[in-house]
S.K.: 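Quick one: this structure, given as structure tokens, is what I'll be asking you about.
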Amino acid sequence: MCAIIGIVGKSSVNQALYDGLTVLQHRGQDAAGIVTCEGDRFYLRKNNGLVRDVFHTSHMLNLRGNMGIGHVRYPTAGCESGAEAQPFYVNSPYGITLAHNGNLTNAAALKKDLFQDDLRHINTDSDSEILLNIFAHELHKLHKLQINQKDIFEAVKGVHKRCRGGYAVVAMITGVGLVAFRDPYGIRPVVFGKRNTTAGTEYVVASESVAIDVLGFELVRDIAPGEAIFITADGQLYTRQCADNPQLSPCIFEIVYMARPDSIMDGISVYKARLRMGKLLAKKILRLYPKHDIDVVIPIPDTSRTAAVQLAYILNCKYRDGFVKNRYIPRTFIMPGQSMRKKSVRQKLNAIGLEFKHKNVLLVDDSVVRGTTSQQIIQMARDTGANKVYFASAAPPVRHPNVYGIDMPSVHELLAHNRTTEEIAEIIGADWLVYQDLEDLIACARKGNKSIKQFDTSCFTGHYVTGDVDQNYLDHIERSRNDAAKTACNKAQETEVIDLHNVT
């Protein structure tokens, strides 16, 4: 999962882009980048690391111009290399820079076509670079020195015809303007907002509405599936539907885990949806264990807190914050590699012993993916003196890979794959385990926007809404993106650095 942001302003946008990325930091902690445009020049800074570490005063002073885009990344394709930090840049035609959230399911075929047919070279393993070159080639086919909104929308239409998967994109064309578009299924989120100033109207595009709020813009709406918006360098807005058969199918895992609770996605308040998730999960617990002996409900911070509060209220149990979180440790779910995730759990959380000792504790989490965190936290609760430890997941069992931009590539790394609830409870060490029913989760999300006919629930069901994902593709991503592959990639990079240092 990644985050994108783009701003067309009436004054320098470097600070606003930086502030927006810090608000969106939860979506990616591997790398960060900003590109600004002044006249016919791009100014770029990107590197591995958190936003606060990548951008220093000297970098900010160099990011000149009233238009720019930004990105924070965590890897779903490719290694964790500084070369794959975004935004990417291509000089032909016009000079284009692009940032992308999502994953292209036909990236391998596109890369081959770009080389053989379009005579374009892809220098990284990132599908974002592929997407940039597809967009650039569609513009190049126009053979025009000066382009307008009609040309840009025609190019986006060509992108939709060639690309498959989930993607939300923000791009900038030198001296021309900013483009943002969303895949025809609307799997990955993107919204835009505006604000009026004495100098004129300014526009912002972002992965989540919270960035728009914090920057002082007014949320206009979500970009529709298949839609593109184009904002000229002087602040004129144009929109057009560029897909033939768009169908809104947003990723429901955004609401479960990825998004901040204060965001609104496709008309759905993430906060309200998580409250409903807690309510329906509590009702299921009461059906299964009407005579439960739960003394206290404790969330596993932070994403599950909203659901846990409502769950405790329905169960008529005490709610307590039993874990203190070290906020300087990144989110464990999106850490690359199992060994790093294991190491970080104890560093990230510490139990408040008084809330566990001699009590029957119900721990609530947003989901269980690999089970690493759950297992260690349950043991932490027992070590702190809990009598019994129960566990509730606000999401259904994650049994299948997510191929649209969330790092669940290897089916054999998913704890729930081919296991019953009882078997999972035994593995993680819980006295009992309750999962949210999928029908209830969908109901919790749909209540926020009843016009949504379907969600992407592929990590729970194995049904992929784009219709192009087969077992061969799933086998491919398991080989290339599982933890073992990432570990090997990281070791190769470390070796390369060492060898370079030893050159005489």
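Quick caveat, the model's predicted, so the values are computed rather than measured. Index from 1, following the sequence.
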S.K.: Give a yes or no on whether a salt bridge exists between Arg188 and Asp183, defined as a side-chain N under 4.0 angstrom from a carboxylate O.
M.R.: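 Here Arg188 does not pair with Asp183 in a salt bridge, since their nearest N and O are not under 4.0 Å apart.
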S.K.: Sequence neighbours excluded, which residues qualify as side chain to side chain donor-acceptor pair (under 3.5 Å) partners of Gln149?
M.R.: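 Scan of Gln149 (side chain to side chain donor-acceptor pair (under 3.5 Å), adjacent residues dropped) gives none.
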S.K.: When rounded to the nearest 0.5 angstrom, what is the spacing between NE2 in His160 and CZ in Arg182?
M.R.: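 His160 NE2 to Arg182 CZ: 11.0 Å, rounded to 0.5 Å.
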S.K.: For Phe460 and Phe253, run side-chain contact (heavy atoms from CB on, under 4.5 Å): C-alpha distance rounded to whole Å, both residues' side-chain angles, the deciding distance at 0.1 Å, then the answer.
M.R.: CA-CA 10 Å; Phe460 306 123; Phe253 206 76; 3.9 Å; yes
S.K.: Side chain of His71, backbone of His100: donor and acceptor closer than 3.5 Å?
M.R.: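 Checked: pair present.
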S.K.: Determine the minimum heavy-atom distance between Ser126 and Glu84, stating which atoms define it.
M.R.: N-OE2, 3.8 Å
S.K.: Kindly assign one of parallel, tilted or perpendicular to the pair Phe153 and Phe230, based on the angle between their ring planes and the thresholds 30° and 60°.
M.R.: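 Rings of Phe153 and Phe230: perpendicular, as their planes differ by over 60°.
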S.K.: Working note: Tyr404 + Cys251, criterion side-chain contact (heavy atoms from CB on, under 4.5 Å); need CA distance, chi angles, decisive distance, verdict.
M.R.: CA-CA 9 Å; Tyr404 299 128; Cys251 174; over 6 Å; no
S.K.: How close do Leu17 and Gly70 get, counting heavy atoms only, and between which atoms?
M.R.: CD2-N, 4.3 Å
S.K.: With a 4.0 Å cut-off, would you call Arg120 and Asp118 a salt bridge?
M.R.: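 No salt bridge links Arg120 with Asp118.
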S.K.: Regarding His26 and Glu208, is there a side-chain donor-to-acceptor distance under 3.5 Å anywhere?
M.R.: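 Looking only at side-chain atoms, Glu208 and His26 do form a donor-acceptor pair, the distance falling under 3.5 Å.
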S.K.: Are Asp468 and Thr105 linked by a side-chain donor-acceptor pair shorter than 3.5 Å?
M.R.: yes
S.K.: Quick check: closest heavy atoms across Ile34 and Asn14, and the distance to 0.1 Å?
M.R.: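 What the structure gives for the nearest pair is CD1-O, 4.4 Å.
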S.K.: Quick check: does any side chain N or O of Asp470 sit under 3.5 Å from a backbone N or O of Asn472, one acting as donor and the other as acceptor?
M.R.: yes
S.K.: Salt-bridge test for Glu138 and Lys141: reply yes if a basic N is under 4.0 Å from a carboxylate O, no otherwise.
M.R.: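 Here Glu138 pairs with Lys141 in a salt bridge, since their nearest N and O are under 4.0 Å apart.
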S.K.: Are Lys46 and Phe88 in a cation-pi setup, meaning NZ or CZ lies under 6.0 angstrom from the ring centre and within 45 degrees of the ring axis?
M.R.: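 The answer is yes; both the distance and angle limits are met.
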S.K.: Are Tyr43 and His59 close enough that a side-chain donor and a side-chain acceptor fall under 3.5 Å?
M.R.: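 The answer is no; no qualifying pair exists.
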S.K.: Might you point out which heavy atoms bring Ser374 and Asp365 nearest each other, and give the distance in Å?
M.R.: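 Here Ser374 and Asp365 meet closest at OG-OD2, 4.5 Å.
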S.K.: Do Tyr167 and Ser128 have a side chain donor and acceptor closer than 3.5 Å?
M.R.: no
S.K.: A side-chain contact here means heavy atoms from C-beta on lying under 4.5 Å apart; do Val398 and Arg370 qualify?
M.R.: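 They are not in contact (no side-chain heavy atoms under 4.5 Å apart), so the answer is no.
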S.K.: Looking at Asp53 and Gly49, would you say the former's side chain and the latter's main chain have a donor-acceptor pair under 3.5 Å?
M.R.: no
S.K.: After noting the C-alpha distance and the side-chain angles of Val179 and Val170, does the key distance pass the side-chain contact (heavy atoms from CB on, under 4.5 Å) rule?
M.R.: CA-CA 6 Å; Val179 188; Val170 63; over 6 Å; no
S.K.: Can you name the nearest heavy-atom pair linking Gly405 to Asn103, along with the distance?
M.R.: N-CB, 3.5 Å
S.K.: Under 4.0 Å between a Lys/Arg side-chain N and an Asp/Glu carboxylate O for Asp30 and Arg73?
M.R.: yes
